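The next block holds one structure in the form of structure tokens; read it before the comments.
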Amino acid sequence: MGSTAASDIKEILLTEAQIASRLAEMAAEIDRDYAGRDVLLVGVLKGAVMVMADLSRALQHPKVTMDWMAVSSYGSGTRSSGVVKIVKDLDADLAGKHVLIVEDIVDSGLTLSWLIKNLRTRGPRSIEVATMLRKPDAAKVEVDVKYVGFDIPNEFVVGYGLDYAEQFRSLPYLGTLQPHVYGG
Ligand code: IMP
Ligand code: MG
């Protein structure tokens, strides 16, 4: 680690302002689509914390509830292990609810397709997905993601909730890492 997190960032892909303005657009769409229906936002820890906080506050919708789930599909590195397990389950009963999964990023889509299948068995009225970021590989799996903030190139990114070995989540913007961070 350098002396500041910022010195480990190679390039800023999305600024705080760009993220905020896109989230406002997504929130407006969600408000419109869920008008007259209660919506349960399901955040996927830990990456989705920032998206959840900012997206939920941008909503005008009067009847929003929130719950959290933690699943793990990645180790401490940058590659998918392909293994998904529930680390923390929801408190809420999903029966009859309109569920909107809030994600930081859809990469291989493995985590999300597994999660949707799992939540479907719990009897919700509907399940949709809102993700801040989507990578190109996501197109290979059949996951229907209704709300996408940004399609980004196939590069490892950090910040705005996303980590490398648990670091950089607190950066307010999204960036790529300097090679030295990976030990290069
Ligand atoms: P997927 O199962 O391949 O779609 O990946 C899901 C999870 O991998 C995300 O929720 C992130 O936690 C992590 N992930 C994927 N790409 C990145 C990245 O570029 N930076 C940080 N985490 C990532
Ligand atoms: Mg995640």
Side-chain angles (χ1 to χ4, degrees), residues 1-2 5-16 18-19 22-23 26 41-56 66-90 99-120 127-184:
M1 274 292 278
S7 68
D8 292 331
I9 299 300
K10 185 170 79 180
E11 191 194 345
I12 294 179
L13 293 185
L14 297 170
T15 64
E16 233 182 309
Q18 285 173 311
I19 293 170
R22 182 67 190 118
L23 283 178
M26 290 167 77
L41 304 179
V42 168
V44 184
L45 294 169
K46 307 167 196 165
V49 165
M50 307 296 177
V51 190
M52 180 71 126
D54 289 342
L55 181 67
S56 64
M66 273 183 221
D67 203 352
W68 299 93
M69 203 165 164
V71 299
S72 75
S73 65
Y74 272 47
S76 61
T78 58
R79 289 212 196 130
S80 178
S81 65
V83 178
V84 180
K85 73 168 197 236
I86 296 182
V87 177
K88 184 226 172 282
D89 207 345
L90 298 171
V99 173
L100 179 58
I101 298 172
V102 177
E103 265 283 24
D104 49 356
I105 188 165
V106 184
D107 181 6
S108 71
L110 271 177
T111 313
L112 193 56
S113 60
W114 181 91
L115 189 64
I116 291 170
K117 239 175 255 159
N118 182 290
L119 298 188
R120 274 220 181 97
I127 301 185
E128 299 291 351
V129 180
T131 187
M132 184 69 212
L133 306 166
R134 183 170 63 182
K135 283 188 179 175
D137 280 350
K140 293 183 200 159
V141 281
E142 288 170 36
V143 224
D144 195 20
V145 181
K146 189 161 187 185
Y147 310 95
V148 178
F150 300 92
D151 279 299
I152 59 165
N154 209 357
E155 257 188 288
F156 195 79
V157 292
V158 295
Y160 201 72
L162 291 155
D163 73 304
Y164 172 68
E166 294 299 326
Q167 291 177 59
F168 307 106
R169 291 190 197 276
S170 62
L171 294 176
Y173 51 82
L174 189 84
T176 53
L177 286 173
Q178 297 278 10
H180 72 82
V181 181
Y182 303 103

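Whatever order the structure lists them in is the order used to number ligands and atoms, beginning at 1. None of these values were measured; they are calculated from a predicted model.
A distance-only check finds no donor-acceptor pair linking the side chain of R134 to the backbone of G149 [under 3.5 Å]. At least one donor-acceptor pair closer than 3.5 Å links the side chain of K135 to the backbone N or O of E155.
Residue V158 places no heavy atom under 4.0 Å from ligand 1. Residue-ligand proximity: V44 is placed with every non-hydrogen atom at 4.0 Å or more from ligand 1. The closest approach between any non-hydrogen atom of G47 and ligand 1 is not below 4.0 Å. Judged by the shortest distance from any of its heavy atoms, V157 lies inside the 4.0 Å radius around the atoms of ligand 1.
Side chains of Y160 and D54: a donor on one and an acceptor on the other come within 3.5 Å.
Taking every heavy atom of E155 and a limit of under 4.0 angstrom, the matching atoms of ligand 1 come to 19 (O). The atoms of ligand 1 that sit less than 4.0 Å from any heavy atom of S108 are 1 (P), 2 (O), 3 (O), 4 (O). For ligand 1, the atoms closer than 4.0 angstrom to any heavy atom of D163 are 21 (C).
Considering backbone and side-chain atoms alike, L162 places every N or O at 3.5 Å or more from each N or O of ligand 1.
Checking Y164, W114, F156 against atom 23 (C) of ligand 1, the nearest heavy atom belongs to F156.
Using a 4.5 Å heavy-atom cutoff, the side chains of F156 and L162 are not in contact. Under the 4.5 Å side-chain criterion, counting only non-hydrogen atoms from C-beta, E103 is in contact with L112.
Within a 6.0 Å sphere centred on NZ of K88, other residues, nucleotides and ligands contribute more than 12 heavy atoms.
When each of V51, L133, T111 is tested with I105 by the rule side-chain contact (heavy atoms from CB on, under 4.5 Å), just one qualifies, namely L133.
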